2 protein chains.
Amino acid sequence: MDFSIGELSRQTGVKVPTIRYYEKEGLIDAPLRTEGNQRRYQETDRERLRFIRHCRDLGLPMPAVRDLIELSQHPDRPCDEADRIAAEQLRSVRERILHLKKLEAELERIAVSCQGDHTVTECNVLKAFGDHGQCLSNH
Amino acid sequence: MDFSIGELSRQTGVKVPTIRYYEKEGLIDAPLRTEGNQRRYQETDRERLRFIRHCRDLGLPMPAVRDLIELSQHPDRPCDEADRIAAEQLRSVRERILHLKKLEAELERIAVSCQGDHTVTECNVLKAFGDHGQCLSNH
DNA sequence: CTAATTCCTATAGCGACTAGAGCTTCAAGA
DNA sequence: TCTTGAAGCTCTAGTCGCTATAGGAATTAG
């Protein structure tokens, strides 16, 4: 019926201290307790935690997760806000990809610049790391 | 000839407290001081700082930067280690790109799943955020 | 010489957890 | 029923790479 924090952790992949942290932060509700003061969770808690976990895995920033939870508490509201958050995250992921591709290009150039046996003094890799002027883009 | 920490900051784009932080961490040498105890830097310091800055901009983790600095202190060593660090960073950047592309695909799917007017209860975006089972990949 | 700017040290804060200490409760087997 | 070992509890502190603030001293331009 209900389960312990360790069981919840196993079922969701969220570590025990992290679950307690989320509770302190108000992301999940404080659950019922046994007589001995141990937490006992219900299925709704598990769903909530999986929701958080999945959002985090998808790279959503914490405030966005908070907003989505807030939103899901109000079933009658329009869900534009959820759309907006998803779209914004998509935008941000794409931006990061572009940035990393620039880095990839620079690192590729740097990594192949020093083939073979050299000493540090004549190492083009070290030179390239020191000199942004050699770069193809403003990464 | 020599310049203040503010000037160094302007020339390298590294903020003043960050320069002091790098000194405390041993990434740059403690410079000479004026009679009044203010730091005065030389060109070599500027080069070092630019090196660090550029590495960080390229996404190198701090320990890698430390290693590269260590290495550059020993001009006669072979530079395999520098090659290795560059290659490893390239690998890591590529891995991150792949990961972000997975996220991009999922978010794309999620973002288009809820076109039009809906309320929270029937919001596919919220559902998708809660359910990793819908996902195409293990992001 | 004064006033504005820059510099100094030291300490604390950030975000999102994670680790550890010291103690209590639970669950399963004898 | 008793024991024992795993798992739970709270509280505090640590992580990383800076960044911000406070309170005071030095420098520099006019």
Side-chain angles (χ1 to χ4, degrees), chain A residues 1-42 45-46 48-69 89 92 96 103, chain B residues 1-42 45-46 48-69 89 92 96 103:
Chain A
M1 208 74 253
D2 53 8
F3 35 90
S4 70
I5 197 168
E7 189 53 32
L8 181 63
S9 169
R10 251 162 271 133
Q11 290 186 24
T12 58
V14 180
K15 289 185 186 148
V16 169
T18 307
I19 297 174
R20 290 196 275 249
Y21 169 74
Y22 285 165
E23 179 184 327
K24 193 152 57 70
E25 292 297 299
L27 283 165
I28 56 178
D29 295 333
L32 298 174
R33 301 275 185 140
T34 63
E35 288 190 3
N37 200 34
Q38 299 195 359
R39 292 168 177 84
R40 285 299 175 267
Y41 293 94
Q42 312 294 127
D45 299 309
R46 188 177 53 201
R48 167 72 68 86
L49 202 49
R50 281 197 176 137
F51 181 89
I52 297 171
R53 176 88 214 268
H54 195 215
C55 287
R56 299 292 290 144
D57 285 349
L58 286 166
L60 295 206
M62 221 60 180
V65 179
R66 272 175 203 284
D67 288 352
L68 287 174
I69 288 174
Q89 177 62 7
S92 140
R96 274 183 282 164
L103 295 192
Chain B
M1 210 72 248
D2 53 8
F3 35 91
S4 71
I5 196 168
E7 188 53 32
L8 181 62
S9 169
R10 251 163 270 133
Q11 289 186 24
T12 59
V14 179
K15 290 187 185 150
V16 168
T18 306
I19 297 174
R20 289 196 276 249
Y21 169 74
Y22 285 165
E23 179 185 327
K24 192 152 56 73
E25 292 296 301
L27 284 165
I28 57 177
D29 296 332
L32 299 173
R33 302 272 186 143
T34 63
E35 288 189 4
N37 199 34
Q38 300 197 359
R39 293 167 176 85
R40 285 298 174 269
Y41 293 93
Q42 312 295 127
D45 300 309
R46 188 177 53 201
R48 168 74 67 84
L49 201 49
R50 281 197 177 137
F51 180 89
I52 297 171
R53 177 87 213 268
H54 195 216
C55 287
R56 300 292 291 142
D57 285 348
L58 285 166
L60 295 206
M62 221 60 180
V65 180
R66 273 175 202 285
D67 289 352
L68 288 173
I69 287 174
Q89 175 63 7
S92 142
R96 274 184 280 163
L103 295 192

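Throughout, protein chains are lettered first and strands after them, A, B, ... in sequence-line order, and every chain is numbered starting at 1. Source: prediction; values computed, not measured.
Nearest nucleotide to the side chain of A:Gln38, out of C:dC26, C:dC7, D:dT10: C:dC26. In this structure, the nucleotide among D:dC18, C:dC8, C:dA16 sitting nearest to the side chain of B:Tyr21 is D:dC18. Side-chain proximity of B:Asn37 to C:dC7, D:dT10, C:dC8: nearest is C:dC8.
The side-chain heavy atoms of A:Arg39 and A:Glu23, taken from C-beta on, include a pair separated by under 4.5 Å. A heavy-atom distance below 4.5 Å is not found between the side chains of B:Gln11 and B:Leu49. Inter-residue side-chain proximity for B:Ser4 and B:Arg40 is flagged as met; some heavy-atom pair is nearer than 4.5 Å.
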Chi angles and distances behind the side chain to side chain contact (heavy atoms under 4.5 Å, CB included) call for A:Val14, A:Ile52:
CA-CA 10 Å; A:Val14 180; A:Ile52 297 171; over 6 Å; no
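Rounding to whole angstrom units, OH of residue A:Tyr41 and C1' of D:dA7 are separated by 14 Å. Atoms NZ (B:Lys15) and C1' (D:dT21) sit 15 Å apart, rounded to a whole Å. Computed from coordinates, the B:Ile19 CD1 to C:dC7 C1' distance equals 12 Å when rounded to whole Å. Between the CG atom of A:Leu8 and the C1' atom of D:dC9 there is a distance of 16 Å, rounded to whole Å. For A:Arg20 and D:dA7, the CZ to P distance is 13 Å, given to the nearest whole Å. For B:Arg40 and C:dC8, the CZ to P distance is 8 Å, given to the nearest whole Å. Between the CD1 atom of A:Ile5 and the C1' atom of C:dT24 there is a distance of 15 Å, given to the nearest Å. Taking atom CG of B:Asp57 as the reference point, atom P of D:dG17 lies 15 Å away to the nearest angstrom.
OP1 or OP2 of C:dC26 sits under 4.0 Å from a side-chain N or O of A:Thr34. Remark: B:Arg39 is not in phosphate contact with C:dC7, judged by side-chain N or O atoms under 4.0 Å from OP1 or OP2. Distances shorter than 4.0 Å separate none of the side-chain N or O atoms of B:Thr18 from OP1 or OP2 on D:dG17. The phosphate of D:dC18 has OP1 or OP2 within less than 4.0 Å of a side-chain N or O from B:Tyr22. Within the structure, a side-chain polar atom (N or O) of B:Arg56 is placed less than 4.0 Å from OP1 or OP2 of D:dC18. In terms of phosphate contacts, A:Arg33 brings a side-chain nitrogen or oxygen within less than 4.0 Å of OP1 or OP2 of D:dT10.
Residue A:Ile28 is tested with A:Arg46, A:Arg20, A:Arg48 for a side-chain contact (heavy atoms from CB on, under 4.5 Å); the sole match is A:Arg48.
Mapping B:Gly36 and A:Gly36 onto DNA chain D by nearest heavy atom places A:Gly36 closer to the 5' end of the strand. Of the two residues near DNA chain D, A:Lys24 and B:Glu35, the one whose nearest nucleotide lies more 5' is A:Lys24.
When heavy atoms are screened at a 4.0 angstrom cut-off, B:Arg10 is found touching no nucleic acid atom at all.
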